[in-house]
Amino acid sequence: MNSTSPTPASIKQVAKKLIAEHPDLNVLINNAGIMEADEASGAIDDRLLVSTVTTNLLGPIRLTSALLDQLRSRRGVVLYNTSVLAFVPLAVTAVYSATKAARHSYLLSQRFLLRDSGVRVLEVAPPWVRTPLMNSQGAEQAMPLDRFIAETLDVLGTDADEIVVEAAKPLRANPGPGEHTLVNEFNEQMLKLFAPTRT
């Protein structure tokens with residue numbers, strides 16, 4: 001971990017300051033994330049591994065933990081931004097996909113344990129969206145950002161705990177025992193799209 005990574009102590013300190021300055025705080029959105037291409041078939045760059053796991057998994061868990069008493073006292077909401085890659089991993093971003101799968105697993109446990117606390121635990125699992133992430137602004141196959149936002153807000157207006165837009169539903173409907181076929185077919189398609197940009 002590099003010297004600029006937040007420590008558990010610094011996260012607790014920031015949470016304490018935040019609560020003092022905003023005593024009615026009742027929503028936490030865990031949206032931070034790093035997505036970089038990696039090479040799961042070879043040696044993983046340790047800097048990429050540590051920074052991705054720290055930002056995508058440890059950060060949200062630590063921050064939620066530091067704010068949970070506050071959110072419980074306000075019958076608040078914890079929202080985790082995951083990805084459809086939590087359900088069907090993208091081979092060229094294996095570490096990112098693994099952190100999103102771990103985040104999904106963690107929030108399912110947290111939602112269960114908080115079921116009678118008054119705290120709602122929500123998950124937004126976006127599909128591929130036209131954003132700067134992985135230079136996807138112009139990707140035809142990606143969902144337009146404005147459409148993703150509109151559909152997400154529509155679902156957030158319901159009592160759903162899992163916010164999955166229509167474009168993400170085929171990947172969310174991971175077929176269980178048949179997942180290897182789905183994952184392999186998905187990655188064959190994605191390799192064709194990403195192959196020219198990989199080094």
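In this chain, numbering begins with 1 at the start of the sequence shown. From a predicted model like this one, the values you see are computed outputs, not experimental measurements.
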Work out which heavy atom in [X] is nearest to a heavy atom in [Y]; give both atom names and the distance.
| X | Y | answer |
| --- | --- | --- |
| T82 | P126 | O-CD, 3.5 Å |
| V84 | A168 | CG1-CB, 3.3 Å |
| D69 | R72 | OD1-NH1, 3.1 Å |
| I11 | R62 | CD1-CB, 3.8 Å |
| L68 | Q110 | CD2-NE2, 4.2 Å |
| Q141 | L193 | NE2-CD2, 2.9 Å |

Under 3.5 Å, which donor-acceptor pairs link side chains of residues 157-165 to any protein atom two or more places apart or in another chain?
{"unit_1": "T158", "atom_1": "OG1", "unit_2": "V155", "atom_2": "O", "d": "2.6"}
{"unit_1": "T158", "atom_1": "OG1", "unit_2": "A160", "atom_2": "N", "d": "3.1"}
{"unit_1": "D161", "atom_1": "OD1", "unit_2": "R120", "atom_2": "NH2", "d": "3.4"}
{"unit_1": "E162", "atom_1": "OE1", "unit_2": "R172", "atom_2": "NE", "d": "3.4"}
{"unit_1": "E162", "atom_1": "OE1", "unit_2": "R172", "atom_2": "NH2", "d": "3.2"}
{"unit_1": "E162", "atom_1": "OE2", "unit_2": "R172", "atom_2": "NE", "d": "2.7"}

Does [X] [atom1] have over 12 foreign heavy atoms under 6.0 Å away?
| X | atom1 | answer |
| --- | --- | --- |
| Q137 | CD | yes |
| D154 | CG | yes |
| R115 | CZ | yes |
| L113 | CG | yes |
| E21 | CD | yes |

Would a distance-only check, ignoring hydrogens and angles, find a side-chain to backbone donor-acceptor pair under 3.5 Å from [X] to [Y]?
| X | Y | result |
| --- | --- | --- |
| Q70 | I19 | no |
| N187 | P89 | yes |
| T7 | S10 | yes |
| K100 | N81 | yes |
| S65 | I61 | no |
| N56 | I34 | yes |
| R74 | P23 | yes |

Do [X] and [Y] land in one hydrophobic cluster if side-chain heavy atoms of ILVMFWY residues count as linked below 4.5 Å?
| X | Y | value |
| --- | --- | --- |
| L67 | L114 | yes |
| F112 | L107 | no |
| L171 | F148 | no |
| V92 | L48 | no |
| V27 | L25 | no |

Do the side chains of [Y] and [X] get nearer than 4.5 Å, heavy atoms only?
| X | Y | result |
| --- | --- | --- |
| F87 | L182 | no |
| Y80 | N30 | yes |
| W128 | L90 | no |
| D38 | D45 | no |
| Y96 | S83 | yes |

task = Take K169 and E166, measure what side-chain contact (heavy atoms from CB on, under 4.5 Å) needs, and give me the verdict at the end.
result = CA-CA 5 Å; K169 287 182 180 178; E166 285 301 317; 2.7 Å; yes
What's the separation between atom [atom1] in [X] and atom [atom2] in [Y], rounded to the nearest 0.5 Å?
| X | Y | atom1 | atom2 | result |
| --- | --- | --- | --- | --- |
| T93 | L85 | OG1 | CG | 5.5 Å |
| R111 | S117 | CZ | OG | 12.0 Å |
| M35 | T55 | CE | OG1 | 14.5 Å |
| L133 | E36 | CG | CD | 10.0 Å |
| R47 | T52 | CZ | OG1 | 7.5 Å |

message = Working note: L79 + L156, criterion side-chain contact (heavy atoms from CB on, under 4.5 Å); need CA distance, chi angles, decisive distance, verdict.
response = CA-CA 10 Å; L79 187 148; L156 278 170; 4.0 Å; yes
